[in-house]
Amino acid sequence: MKHQLLVNLKKPFLKYFPTPKPELIQGPGSLAQITSVLEAEHIYKPLIVTDKDLIRLGLVNQLSELLDSKHISYEIFAQITPDPSITLVEQGLEVFKKNNCDGIILFGGGSAMDCGKAIAACAATNKPVYKLEGLLKVLTKVPLMIAVPTTAGTGSEATVAAVISDKQTKRKFAIADPFILPKYAILDAELMLGLPPQITAHTGIDALTHGIESYLSDYASGFTRGMSTQAIKTVFTSLVKAFEDGQDLQARSAMAVASYQAGLAFTRTYVGYVHAIAHQLGALYGVPHGLANAVVLPKVLQFCVQAMTPRLAQLAEVIGVSGNSPEQKALGFISAVEQLLQQLAIPTCIEQLQIKDITEIAQRANAEVHGTYPVPQLLTQAECEQLISQLLPA
């Protein structure tokens, strides 16, 4: 009852305080437009938030050459690691301040996006990052951010959230505020060519999970359903192509757009139990977020299928799965998800999961969901533990 009350109270807020969208620049080679954006916005020294792998692959060099050609100064913070920590945000903030940077280029996957957003929020508020946990704790203009995703999955370029890891407590927390939405998003699929198949699969299923959980949300609207269904359909038609041929520019471009669309959807609707459980697996064991979502997704859909049947049946129709009843269609959709995961060589369990941790994982996941995520079905502690037990290796 309390959960539903909180959900109902938030609905008018979402209706009358709509989430903004970034200004979108897209297409192969569109990274070249970044210098025009910086000049138009009078940004003279951006901080590039990225990681060492992207430097090694030469992608950051493509960006720096563009900036050098226009004599735009910049600093590079390339310490990003998966699940960025409080310490990492503090280090990035120090580089931002020490070098008098006036903007931030978020260049990479979800971890770079999350860390860069948190750096911007801390720079604007002069507060430590852990003080910004929760909803609307920033509420002030932050340094201009340009998001340039190099993977197609997180959709962070379109979201108002950043997820940060507290390594001491082994938990993740979110900063959620419209002010940390990047002003610009550049979708250049040429930056994604040659991405390893495993990363392609994990990030692609992350986008699929965003689309599905957004569609299932009680906050879903006509706009978010439209974004979700487009993203889901694209994942089913393009992800395997990108997985099997990393140089397929058309498939990469389609997945970049799908990730962005799913981001637009779930930042307005929140997510659900898949993410709640995946967050704990990442915090406790370091399981990559996309992989955790991929393994957990079919388990949650199966476990909660009765509560989700009408909506899953609608998604079945979106991807062309037929059935004689809503129940058949719903099960057909879940089967299609499972078949897609098999094609992408996604495992069916979490090898690191230990029985002794299941109670704590369930407690943390339920705490994340209750009062926050407008899911179709709330799980009891026992039900959540039962669901998580299905992730144990055989």
Side-chain angles (χ1 to χ4, degrees), residues 34 37-38 41-57 59-61 63-64 66-68 71-134 136-150 154 156-157 159-184 282-283 286 289:
I34 195 167
V37 172
L38 292 170
E41 293 285 352
H42 305 291
I43 300 299
Y44 303 104
K45 195 173 187 180
L47 175 69
I48 301 171
V49 178
T50 188
D51 63 63
K52 289 185 173 65
D53 284 340
L54 295 181
I55 290 179
R56 178 178 55 81
L57 292 170
L59 295 179
V60 176
N61 190 51
L63 172 59
S64 60
L66 287 168
L67 301 182
D68 290 339
H71 307 290
I72 298 173
S73 299
Y74 55 88
E75 290 293 328
I76 299 176
F77 179 65
Q79 308 306 313
I80 300 303
T81 57
D83 301 319
S85 65
I86 292 173
T87 300
L88 203 59
V89 174
E90 292 170 345
Q91 291 171 348
L93 179 64
E94 182 179 358
V95 174
F96 181 89
K97 289 183 173 180
K98 182 179 179 180
N99 292 281
N100 297 313
C101 294
D102 55 358
I104 301 179
I105 299 173
L106 317 174
F107 193 86
S111 295
M113 304 275 175
D114 285 349
C115 191
K117 289 177 180 180
I119 291 169
C122 292
T125 62
N126 289 315
K127 293 181 180 179
V129 66
Y130 59 85
K131 291 280 190 181
L132 300 176
E133 177 180 359
L136 301 179
K137 297 294 181 63
V138 181
L139 289 178
T140 190
K141 185 178 180 181
V142 305
L144 181 131
M145 290 184 286
I146 303 172
V148 185
T150 59
T154 68
S156 296
E157 67 276 6
T159 73
V160 298
V163 178
I164 304 299
S165 292
D166 185 332
K167 301 299 184 182
Q168 290 187 332
T169 62
K170 292 186 176 180
R171 62 180 286 269
K172 293 184 178 183
F173 64 90
I175 304 167
D177 193 297
F179 281 94
I180 65 169
L181 176 81
K183 185 170 182 180
Y184 294 89
H289 179 65

Should K45 and N100 be marked as a side-chain contact (heavy atoms from CB on, under 4.5 Å) after you check the CA-CA gap, both sets of side-chain angles, and the distance that decides it?
CA-CA 8 Å; K45 195 173 187 180; N100 297 313; 5.6 Å; no

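- How far OH of Y184 is from CD1 of I34: 11.0 Å, rounded to the nearest 0.5 Å.
- Considering I104, I105, N99 in turn, N99 is the only one that fulfils the side chain to side chain contact (heavy atoms under 4.5 Å, CB included) rule with C101.
- Between the side chain of D102 and the backbone N or O of I43 there is no donor-acceptor pair closer than 3.5 Å.
- A distance of 7.0 Å separates CD of Q91 from OG of S85, quoted to the nearest 0.5 Å.
- When all heavy atoms of L136 and P178 are compared, the closest pair comes out as CD2-CD, 3.6 Å.
- When all heavy atoms are compared, the tightest approach of K183 to L144 is CD-CD1, 3.7 Å.
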Working note: F107 + T150, criterion side-chain contact (heavy atoms from CB on, under 4.5 Å); need CA distance, chi angles, decisive distance, verdict.
CA-CA 7 Å; F107 193 86; T150 59; 4.1 Å; yes

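- Minimum heavy-atom separation, I76 to I55: CG2-CD1, 4.4 Å.
- In summary, of the residues considered (L93, I48, L47), a side chain to side chain contact (heavy atoms under 4.5 Å, CB included) with F77 occurs for L47 alone.
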Please evaluate residues K117 and T159 with respect to the criterion side chain to side chain donor-acceptor pair (under 3.5 Å), reporting the C-alpha separation (whole Å), side-chain torsions for both, the decisive distance (0.1 Å), and the verdict.
CA-CA 10 Å; K117 289 177 180 180; T159 73; 2.8 Å; yes

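- Atoms OG1 and CE, from T50 and M113 in turn, are 9.5 Å apart once rounded to the nearest 0.5 Å.
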If you apply the rule side-chain contact (heavy atoms from CB on, under 4.5 Å), what do you find for V89 with C122, and how did you get there?
CA-CA 9 Å; V89 174; C122 292; 4.1 Å; yes

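- In this model, no donor atom of one side chain and acceptor atom of the other lie less than 3.5 Å apart for T125 and K131.
- With values rounded to the nearest 0.5 angstrom, K170 atom NZ is found 12.0 Å from S165 atom OG.
- Heavy-atom neighbours of E133 CD from other residues, nucleotides or ligands within 6.0 Å: above the threshold of 12.
- Surrounding NZ of K137 are more than 12 heavy atoms belonging to other residues, nucleotides or ligands, all under 6.0 Å away.
- A distance of 8.0 Å separates CD1 of I86 from OH of Y130, quoted to the nearest 0.5 Å.
- Counting heavy atoms from C-beta on, the side chains of D114 and S156 come closer than 4.5 Å.
- In terms of heavy atoms, L67 sits closest to L38 at CD2-CD1, 3.5 Å.
- Heavy atoms from other residues, nucleotides or ligands lying under 6.0 Å from NZ of K127 number 12 at most.
- Pairing each heavy atom of A124 with each of P143, the nearest pair is CB-CD, 4.3 Å.
- Note that CG of L66 and CG of N61 are 9.5 Å apart. Values are rounded to the nearest 0.5 Å.
- Contact detail for K167 and D83: the closest heavy-atom pair is NZ-O, 3.4 Å.
- Between the side chain of D51 and the backbone N or O of I80, no donor-acceptor pair lies under 3.5 Å.
- Contact check for Y74 versus D68: side-chain heavy atoms found under the 4.5 Å cut-off.
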